[in-house]
Amino acid sequence: MDYNFLATEKKWQQYWAEHNTFVVEEPSDKRKYYVLDMFPYPSGAGLHVGHPLGYIASDIVARYKRMEGYNVLHPMGFDSFGLPAEQYAIQTGTHPAVTTERNIKRYRKQLDRIGFSFDWTREVRTSDPSYYKWTQWTFLRFFDHWYDSKRNTARPISALVELFYDSGSKDISAHSHPHDPFTAQQWNSWDEVRQQKMLMNYRLAYLSKTMVNWCPALGTVLANDEVKDGFSERGGHPVEQKKMMQWSLRISAYAQRMLDNLDHLNWPRSVKEVQRNWIGRSQGATVHFPVKDSDQSIEVFTTRPDTLYGATFMVLAPEHELTESLTTPGQQKEVEAYVQQAKMRSERERMADTKEVSGVFTGSYAINPLNGKPIPVWVADYVLSGYGTGAIMSVPAHDARDFLFARHYHLPIVQVVSRPGEVLENTDTWENAYDSKEGHLINSKDINGLPVDQAINKTIEILKEKGLGHDTVQFRLRDAIFSRQRYWGEPFPIYYKNGMPYALDDDQLPLKLPEVDKYQPTEKGEPPLARAKNWKTKEGYPLETNTMPGFAGSNAYYYRYMDPHNEKEFFSKDANAYWKDVDLYLGGDEHATGHLIYSRFCAMFLYDLGMTTEEEPYKRMINQGKIQGRSSFVYRIPGTNTFVSYHQRKKHKTQKIHVDINLVDNDVLDTEAFKKWWPQYKDAQFITEEDGRYICGREVEKMSKSKYNVQAPDDLMEQYGADTFRLYEMFLGPLESHKPWDTQGIEGVFRFVKKLWRLFHDDQGTFAVEDARPSEKELKVLHQTIKKVKDDMERLAFNTTVSQFMICVNELTDINCRKRAILEPLTTLIAPFAPHIAEELWSKMGHRDSIAYAPIPPLDSSFLKEYSFEYPVSFNGKMRFKKALPLDLNKEEIEQAVLDDERSEKYLQGKPPKKVIVVPKRIVNVVVAN
RNA sequence: GCGGAUGUGGCGGAACUGGUAGACGCGCCAGACUUAGGAUCUGGUGCCUUCGGGCGUGUGGGUUCGACUCCCUCCAUCCGCACCA
């Protein structure tokens with residue numbers, strides 16, 4: 001009787017649900033283990049074969065850790081606010097909540113079919129008011145805190161107000177927007193609006209008029225990580241720069257801490273690297289350049305203050321605030337035209353032609369603060385307004401971009417750093433700037449002769465003394481723009497009084513999304529929430545009409561799983577003290593600059609508030625690779641309905657066309673099915689191979705509908721069952737690497753599952769496990785498997801674990817082993833990977849309880865002991881023959897045994913060996929002179 | 001341009017700190033049982049070969065008794081970032 005996987009899998013999935021097998025018990029004396037998957041956005045397309053890869057791996061870890069005796073938190077939920085449901089709502093009028101609910105149901109069904117051990121009683125959905133209550137609550141904490149950069153922690157706004165009240169702004173060292181200093185008297189004399197405006201410069205969630213990424217097609221602003229190459233990440237619509245009043249989170253306050261902590265995280269190197277680049281710390285100096293014949297000065301940031309003597313001109317970004325006032329009447333027309341043109345150019349265009357040099361002279365001169373020389377001030381769009389001070393000193397001899405600019409506009413190039421061992425060169429003949437930090441200073445008065453690193457420090461000292469500058473650290477990381485002009489997101493718990501935003505009281509939360517008649521912006525261009533009737537507080541103050549961005553709900557969701565039903569708090573201190581942080585986090589590396597930055601920031605903030613025990617949320621992270629599609633192609637002779645088989649295609653002029661992978665088996669096309677695929681192929685003709693088969697071409701590509709290469713897990717589950725599917729996804733290759741989906745390969749794993757079943761049954765299909773004593777050989781293969789499972793679990797190298805299971809089952813089958821003492825431990829080892837068949841066999845072996853909490857068998861290495869070893873014998877590094885020798889021989893004895901072997905004569909050719917290398921239990925290598 | 005990753009049979013991939021390259025599986029070939037099989041089982045399968053052997057882990061070099069593994073060079077592919085001063 002064959003294994004009936006469909007019935008068995010259904011039975012155990014029901015059993016787990018009915019017995020609450022995976023509901024986490026708490027409190028517990030057991031050690032905790034928290035395995036988390038990045039929760040999905042429930043899209044309308046459902047799961048394809050690539051999605052569950054990470055979930056299967058994490059489920060194996062969760063199940064294994066449970067069997068090791070850990071109390072395992074393994075939850076799942078849905079990141080259910082997002083654009084697709086809203087776009088669908090705009091088109092059809094269906095409320096996004098309805099679409100979302102439907103999609104979640106489908107996801108849940110698909111996930112359950114795979115046999116995951118999630119504790120669904122802890123499910124969170126970001127679009128559920130009982131959850132977004134805490135997203136709003138967290139936002140209000142951001143709103144109500146500022147960052148004290150002396151103490152390096154977030155502190156309540158009330159503490160800041162006290163400081164202002166006592167001594168004004170002078171003693172405060174905070175991460176804030178720049179503003180004029182004020183005294184206590186001034187503060188106390190201000191009215192509420194003015195005080196609130198000042199506080200806005202400090203709040204960690206603040207409202208400000210900033211340059212934003214505006215996406216007209218989506219009708220909303222986007223954060224930097226949501227824009228790729230000038231297009232929106234979702235939908236690929238063009239994005240433009242625009243100044244708007246927006247909410248932002250002051251994430252830049254945490255830049256240094258986020259950078260420092262990266263060193264201690266057990267994360268993939270590449271993700272850490274991406275984050276380092278994204279944070280983009282650079283150390284340098286701020287330098288003030290007085291403007292000639294003016295009391296203004298230009299502030300620049302430079303990482304190379306040592307090259308100050310080589311600064312021969314300055315450049316302002318077109319948007320720079322001094323651009324207008326520094327333009328002399330004679331240059332006005334030209335500058336205005338240039339600034340206007342720069343404004344018109346989209347971010348996209350500006351990035352596209354970075355090689356084009358363009359700029360215009362303002363007519364003004366600045367004074368080099370060290371040598372007093374006047375240098376011209378230009379405006380050019382190669383200087384970005386958003387980085388540093390939006391102005392630079394240009395050192396064309398030692399900066400590639402400045403060099404290009406100087407050459408183009410014939411500006412002087414003065415060398416101030418010489419290469420090691422060389423002296424002054426003629427810069428007129430240079431083809432490139434010399435921007436290396438190797439070398440020493442020349443043409444630079446007090447710092448001449450110093451190597452670059454010392455010159456940097458010395459220059460900063462001099463600037464400090466003269467009051468012309470100071471050392472500075474710049475970050476590329478910008479504050480996160482936090483508002484969206486959208487419907488399907490968390491409403492801000494904010495109302496307006498006299499034009500200033502105020503927080504709703506906590507007991508007003510959640511502020512639920514209102515009903516609207518349409519999901520589009522209003523005719524006046526306001527966000528959809530402005531359509532809601534009575535969108536105001538009880539007192540009549542208008543509520544904020546923006547909503548929060550997609551990443552708001554995922555910033556801190558991992559905390560909510562710890563205490564998901566708490567109505568009084570986001571999560572209790574006790575729950576957090578027990579679960580602490582995520583031990584293993586699985587998800588895609590595409591979140592490296594978005595979710596993984598924001599949630600680290602949020603975790604750090606909640607830590608500052610004293611709510612949590614850990615500063616970092618995810619101790620260890622693994623990025624699962626993507627599963628690519630394997631597309632199949634037919635080759636049509638253009639203009640005909642004739643298709644040429646793969647190997648014949650060169651004989652004709654053909655075009656390659658994607659064909660549905662379901663019509664292809666092992667590259668052979670089912671030509672009858674193909675004719676029925678589309679009406680136009682009804683009369684298709686085929687030029688086949690000699691054996692009459694039509695062979696398709698294949699290629700590895702991204703899985704996508706349009707390429708007809710999408711493999712849905714549902715069909716496979718019907719055909720092979722969940723256990724086979726789980727094993728196969730793991731067997732495919734290393735978890736982290738991208739790999740193509742091969743529909744053929746699953747057969748091999750399916751055979752393994754059936755073979756496993758047969759191992760427990762006789763030829764008649766009767767369960768036949770017996771209680772006989774196991775042999776040494778049987779114990780050896782079992783313990784080899786135990787060892788492999790344990791080792792691989794550490795590295796999450798499940799592909800080789802599955803191989804070992806196959807080896808083990810093959811061997812036990814060969815020696816006809818049906819012994820309980822072997823098969824019972826083997827079943828527990830396989831249980832995390834193929835839980836359904838394991839449960840079934842476990843219960844057949846007489847167990848009443850689920851295998852989910854059965855202990856993993858301990859490794860006894862004594863069974864692995866070898867008494868002899870088959871030495872590969874090499875002559876001059878080439879393996880010639882093998883010789884089995886007892887392991888207790890010493891090196892000399894091994895050497896002698898090998899040289900005495902008659903097969904050695906041939907390779908020695910009568911000569912004595914020059915040298916013999918013996919590595920016990922590894923190899924023998926004989927070196928012969930030739 | 002900068003940074004990261006990867007390159008092993010027809011295919012997916014194994015190979016721990018340098019020590020038998022190709023485990024395991026797919027596919028393919030041959031055979032058994034079968035009316036039949038796309039079920040099951042057995043054997044074979046890196047390439048070349050004059051059957052002695054030779055060649056083989058992207059390329060070329062180096063270190064070593066010995067290199068997929070370490071060092072240098074170059075090439076290819078993929079992924080980030082990209083006027084960041």
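A quick note: this is a predicted structure, and the numbers were derived from the prediction, not measured. A note on names: the letters A, B, ... follow the listed sequences, proteins ahead of strands, and every chain is numbered from 1.
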task: Could you give the distance separating B:U6 and B:U17 at their P atoms, to the nearest angstrom?
output: 14 Å

- request: Syn or anti for B:G18, please, going by whether the chi angle lies within 90° of 0.
  value: anti

- prompt: Side chain of A:Arg698: nearest nucleotide among B:A5, B:A85, B:C11?
  reply: B:C11

All side-chain contact (heavy atoms from CB on, under 4.5 Å) counterparts of A:Glu321, not counting sequence neighbours: none

- request: Check the distance between B:G12's P and A:Met806's CE and give it to me in whole angstrom.
  value: 17 Å

Polar atom pairs between nucleotides 18-21 of chain B and protein, under 3.5 Å, N or O only, would you list them?
residue	atom	partner	partner atom	Å
B:U20	O2	A:Lys882	NZ	2.8

query: A:Val287 and A:Glu299: side chain to side chain contact (heavy atoms under 4.5 Å, CB included), yes or no, with the steps?
result: CA-CA 6 Å; A:Val287 187; A:Glu299 190 184 283; over 6 Å; no

- line: The side-chain contact (heavy atoms from CB on, under 4.5 Å) partners of A:Ser270 (sequence neighbours excluded) come to A:Pro268

Pairing nucleotide - B:A15, Watson-Crick or G-U, each distance under 3.5 Å: none

- prompt: Relative to the ring of A:Phe881, is the ring of A:Phe875 parallel (under 30°), tilted (30 to 60°) or perpendicular (over 60°)?
  reply: tilted

- request: Would you mind classifying the nucleic acid contact of A:Arg478 as base, sugar-phosphate or nothing, using non-hydrogen atoms under 4.0 angstrom?
  value: nothing

statement: Under a 3.5 Å limit on both distances, the Watson-Crick or wobble mate of B:A30 is B:U42

- request: Assess the pair A:Phe798 and A:Phe833: is the distance between their ring centroids shorter than 6.0 Å?
  value: yes

task: Select one nucleotide: of B:A14, B:A85, B:G4, the one nearest the side-chain heavy atoms of A:Thr303.
output: B:A85

message: Please report the distance, rounded to the nearest Å, between NZ in A:Lys739 and P in B:G12.
response: 13 Å

message: Please report the distance separating the C1' of B:U59 from the corresponding atom of B:G53, rounded so that it comes out in whole Å.
response: 27 Å

- prompt: Considering heavy-atom distances to RNA chain B, does A:Pro740 or A:Ser282 have its closest nucleotide positioned more toward the 5' end?
  reply: A:Pro740

message: With side chain to side chain contact (heavy atoms under 4.5 Å, CB included) as the test, pick out the partner of A:Met314 among A:Val300, A:Val379, A:Asn368, A:Val383.
response: A:Val300

- request: Sticking with atom P, work out how far B:C11 lies from B:A5, rounded to a whole angstrom.
  value: 26 Å

message: Determine whether a donor-acceptor pair (N or O, by modelled atom type, separation under 3.5 Å) exists between the side chain of A:Ser737 and the backbone of A:Gly733.
response: no

query: Parallel, tilted or perpendicular for A:His591 and A:His595, by the 30°/60° rule?
result: perpendicular

task: Give none if B:U69 has no partner; otherwise give the nucleotide forming a Watson-Crick or G-U wobble pair with it, both distances under 3.5 Å.
output: none

message: As a test of reading the structure: which of B:A23, B:A85, B:U42 is closest to the side chain of A:Ile807, going by heavy atoms?
response: B:A23

Using nucleotides 38-40 of chain B, report all nitrogen or oxygen pairs with the protein that are shorter than 3.5 Å.
residue	atom	partner	partner atom	Å
B:U40	OP1	A:Lys754	NZ	3.2

task: May I have the distance from A:Lys626 (atom NZ) to B:U77 (atom P), rounded to whole angstrom?
output: 20 Å

task: Would you mind pulling out the nucleotide paired to B:A21, Watson-Crick or G-U wobble, both distances under 3.5 Å?
output: none

query: OP1 or OP2 of B:A85 less than 4.0 angstrom from a side-chain nitrogen or oxygen of A:Arg304, does that happen here?
result: no

- prompt: Expressed in angstrom and rounded to an integer, what is the separation of A:Asp814 atom CG from B:U42 atom P?
  reply: 7 Å

Comparing A:Arg630 and A:Lys755 on RNA chain B - which has the more 5′ nearest nucleotide: A:Arg630

message: Starting the side chain at C-beta, find the nucleotide from B:G25, B:C83, B:G27 nearest to A:Gln744.
response: B:G27

field: Straight-line distance of A:Leu829 CG to A:Thr801 OG1, nearest 0.5 Å
entry: 10.0 Å

A:Phe475 backbone acceptor or donor facing A:Tyr387 side chain under 3.5 Å: no

Rounded interatomic separation in angstrom, taking CD from A:Glu736 and P from B:U6: 10 Å

- prompt: Hey, is the side chain of A:Asn810 poking within less than 4.0 Å of OP1 or OP2 on B:G25, counting only N and O atoms?
  reply: yes

- request: In whole angstrom, give the distance that lies between atom NE2 of A:His320 and atom P of B:A85.
  value: 17 Å

field: Opposite nucleotide pairing with B:G80, Watson-Crick or G-U, both atom distances under 3.5 Å
entry: B:C2

Proximity to the side chain of A:Arg476 - top-ranked nucleotide from B:C83, B:G25, B:A82: B:A82

- request: Please identify each residue that fulfils ring pair (Phe, Tyr, Trp, His ring centres under 6.0 Å) with A:Phe869, with sequence neighbours left out.
  value: A:Tyr871

- request: Using the six-membered ring wherever Trp is involved, compare the ring planes of A:Trp741 and A:Tyr728 and label them parallel, tilted or perpendicular (cut-offs 30° and 60°).
  value: perpendicular

statement: Per atom distances to the A:Lys915 side chain, the nearest of B:A5, B:G25, B:C65 is B:C65

statement: pair_partner(B:G7), Watson-Crick or wobble, both distances < 3.5 Å, evaluates to B:C75

message: Rounded to whole Å, please give me the gap between CD in A:Gln804 and P in B:G25.
response: 11 Å

message: Does B:C2 have its OP1 or OP2 closer than 4.0 Å to a side-chain nitrogen or oxygen of A:Asn277?
response: no

Check nucleotides 51-55 of chain B against the protein and report each pair of N or O atoms closer than 3.5 Å, with its distance, or say if there are none.
residue	atom	partner	partner atom	Å
B:G53	OP1	A:Lys906	NZ	2.8
B:G54	OP2	A:Arg880	NH1	3.0

message: Using a 4.0 Å heavy-atom cut-off, does A:Asp791 contact any base of the nucleic acid, only the sugar-phosphate backbone, or nothing at all?
response: nothing

task: Round to the nearest Å and state the distance from A:Asp792 atom CG to B:C24 atom P.
output: 16 Å

task: May I ask you to decide if A:Gly359's main-chain N or O and A:Tyr409's side chain share a donor-acceptor pair within less than 3.5 Å?
output: yes

task: Can you label the angle between the A:Phe405 ring and the A:Trp378 ring as parallel, tilted or perpendicular, going by 30° and 60°?
output: perpendicular

